[in-house]
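What follows is a set of notes on a single structure, which appears directly below.
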Amino acid sequence: MGFGVIPLMEYIARRAFLAAGLRPSTVTLPSTSGDGEARTIHYWAPPGEPRLPPLLLIHGFGPMATWQWRRQVGPFSRRFHIIVPDLLCFGASSSSSSPPPSESAQAAALLDALPALVGTAARVAVAGTSYGGFVAYAMARKAGPERVGPVAISNSDLLKTAEDDGAFLERAGGGWTHPADVLMPLDARGARRLMELTFYRKQAGAMLPDFVIRDIMKKLFSDKREEKIELMNATTVGTDAFQLTPLAQDVLLIWGDHDQIFPLDKAFAVKSCLGDHVRLEIIKKTGHVPQMEDPDRFNKIVLDFLLGSQGSPSNEH
């Protein structure tokens with residue numbers, strides 16, 4: 001019974017993507033090692049050459065990129081050429097776990113894929129949620145404004161520290177020793193707690209029987225589990241290897257006011273470090289995924305920002 005929920009989620013998300021004119025495909029990345037091992041990124045995008053300004057939507061650590069962005073692809077596709085990739089170690093993209101990619105390596109992989117996705121000259125706007133915000137920031141800093149245009153970052157604590165991880169585990173209620181234990185649960189108790197931490201509104205899934213939730217979690221979070229744990233450990237945000245510096249691009253920060261993964265006070269701290277080209281929007285009565293809990297408000301904020309951004313791809317097209 002539990003496994004029946006996953007095909008339903010996949011069907012709902014796939015239907016939204018197909019209705020928006022997106023189709024699944026893959027791109028092979030240039031080899032970066034001497035072993036000649038091919039790395040591929042799976043993505044959704046409209047077929048053919050971009051006729052609209054490109055916009056890259058980067059998912060977070062939650063399951064299924066299509067599920068995370070299913071409420072955005074329709075409205076956004078009316079003004080942008082939407083590209084939704086699976087990051088390395090997620091979905092149908094390569095695992096690439098030797099070594100596991102940092103968020104900077106994820107960004108480099110996406111930049112390597114851009115020539116095949118949008119050509120060699122087009123500037124691409126980028127939006128990332130949670131871990132995807134780490135990748136979006138790294139892309140913008142690495143490529144500069146000539147290649148990456150305005151950047152929207154949702155609920156992404158770019159100042160996260162080990163102390164923040166400890167505080168998160170305390171908010172989760174004890175019994176867990178690592179954030180991965182909370183963020184990738186395999187039992188019903190962990191899944192219910194993750195839903196409570198992620199969403200402001202009570203989720204219908206929380207009312208399912210334990211055995212159904214347990215089966216769903218095993219299906220969602222057992223795939224490439226070890227690679228994803230290594231991926232979390234490879235993240236440089238919060239280490240001495242990372243320093244948050246202002247971006248040359250216009251930046252939109254979006255935050256749910258009841259986020260228990262990355263609390264709202266961190267939004268103001270991140271904004272203060274990102275320079276003068278930063279706008280912060282707080283979406284009330286939402287948690288860690290405002291694009292899912294209040295998609296209409298989220299979509300309006302992002303579209304207004306992208307279409308009004310100085311030097312945005314849509315203004316140059």
Side-chain angles (χ1 to χ4, degrees), residues 10 13 17 22 24-33 37-45 54-70 72-73 82-118 124-143 147-148 151-158 160 179-180 183-184 220-238 242 261-262 288-289 291-292:
E10 292 174 340
F17 274 59
L22 279 64
S25 190
T26 59
V27 58
T28 300
L29 302 176
S31 176
T32 57
S33 63
E37 181 182 358
R39 297 179 305 154
T40 60
I41 286 183
H42 176 271
Y43 66 96
W44 286 77
L55 170 60
L56 192 68
L57 302 179
I58 308 177
H59 64 82
F61 239 90
M64 295 179 358
T66 50
W67 187 253
Q68 294 179 46
W69 292 114
R70 72 189 189 284
Q72 282 65 55
V73 289
I82 303 300
I83 305 163
V84 185
D86 288 328
L87 293 171
L88 296 174
C89 301
F90 291 88
S93 292
S94 296
S95 291
S96 187
S97 58
S98 299
S102 67
E103 73 282 6
S104 296
Q106 296 274 18
L110 292 178
L111 290 170
D112 284 343
L114 282 187
L117 299 179
V118 300
V124 58
V126 179
T129 178
S130 192
Y131 175 78
F134 296 171
V135 179
Y137 172 81
M139 282 187 72
R141 190 163 78 170
K142 182 177 180 65
R147 186 58 159 162
V148 174
V151 183
I153 296 174
S154 177
N155 293 72
S156 184
D157 184 6
L158 291 161
K160 183 182 73 68
L183 297 174
M184 294 189 294
L220 288 177
F221 293 110
S222 61
D223 179 49
K224 301 178 182 175
R225 183 177 182 83
E226 293 305 317
E227 291 95 328
K228 289 175 183 175
I229 291 174
E230 292 178 357
L231 198 67
M232 281 190 182
N233 294 331
T235 301
T236 65
V237 172
F242 177 86
I261 307 291
F262 296 141
H288 188 62
V289 284
Q291 82 275 15
M292 298 174 68

Should Leu183 and Met232 count as side-chain neighbours, where that means a heavy-atom distance under 4.5 Å?
yes
Do you know which two heavy atoms are closest between Thr66 and Trp44, and how far apart they sit?
CG2-NE1, 3.5 Å
Under 4.5 Å between any side-chain heavy atoms of Met292 and Arg70, yes or no?
yes
Checking Val124 against Leu117 for the side chain to side chain contact (heavy atoms under 4.5 Å, CB included) test, could you report, in this order, the C-alpha distance in whole Å, the side-chain angles of both residues, the deciding distance, and whether it holds?
CA-CA 10 Å; Val124 58; Leu117 299 179; over 6 Å; no
Measuring from Thr235:OG1 to Phe242:CZ, what's the distance to the nearest 0.5 Å?
10.5 Å
Do Ile229 and Met184 touch side chain to side chain, with heavy atoms closer than 4.5 Å?
yes
Taking the side chain as every heavy atom from C-beta outward, state whether Leu56 and Val118 have any atom pair closer than 4.5 Å.
no
Only counting residues at least two apart or in another chain, list the ones meeting side chain to side chain donor-acceptor pair (under 3.5 Å) with Glu103.
Thr236
Do you know the tightest heavy-atom contact between Arg147 and Leu114?
NH2-CB, 3.3 Å
Donor-acceptor check, side chain of Ser102 to backbone of Ser104, threshold 3.5 angstrom: yes or no?
yes
Compare every heavy atom of Ala38 with every heavy atom of Ser94, then report the nearest pair and how far apart it is.
OG-O, 4.1 Å
Which donor-acceptor pairs under 3.5 Å do side chains of residues 82-92 form with protein atoms, sequence neighbours excluded?
| from | atom 1 | to | atom 2 | distance (Å) |
| --- | --- | --- | --- | --- |
| Asp86 | OD2 | His42 | ND1 | 3.1 |
| Asp86 | OD2 | Ala92 | N | 3.1 |

Looking at every non-hydrogen atom in both residues, tell me the closest pair between Pro30 and Arg39 and how far apart they are.
O-NH2, 3.7 Å
Would you compute the distance between atom CD of Glu230 and atom OG of Ser95 and round it to the nearest 0.5 angstrom?
10.0 Å
Using side-chain heavy atoms (C-beta onward) and a distance below 4.5 Å, is Asn155 in contact with Ile261?
no
Derivation and outcome, side chain to side chain contact (heavy atoms under 4.5 Å, CB included), residues Leu57 and Trp69
CA-CA 8 Å; Leu57 302 179; Trp69 292 114; 3.8 Å; yes
What one should report as the nearest heavy-atom pair of Ala140 and Val151 is CB-CG2, 3.6 Å
Apply side chain to side chain contact (heavy atoms under 4.5 Å, CB included) to Ile41 and Asp112, showing your working.
CA-CA 10 Å; Ile41 286 183; Asp112 284 343; over 6 Å; no
Of all the heavy-atom pairs spanning Phe17 and Val73, show the shortest one and how long it is.
CZ-CG1, 3.6 Å
Taking distance alone, no hydrogens or angles, what donor-acceptor pairs closer than 3.5 Å link side-chain atoms of residues 125-138 to residues at least two apart or in another chain?
| from | atom 1 | to | atom 2 | distance (Å) |
| --- | --- | --- | --- | --- |
| Ser130 | OG | His288 | NE2 | 2.8 |
| Tyr137 | OH | Arg141 | NH1 | 3.3 |
| Tyr137 | OH | Thr245 | N | 2.9 |
| Tyr137 | OH | Thr245 | O | 2.8 |
| Tyr137 | OH | Thr245 | OG1 | 3.3 |

Where the side chain of Gln291 meets the backbone of Gln72, is there a donor-acceptor pair that is under 3.5 Å apart?
no
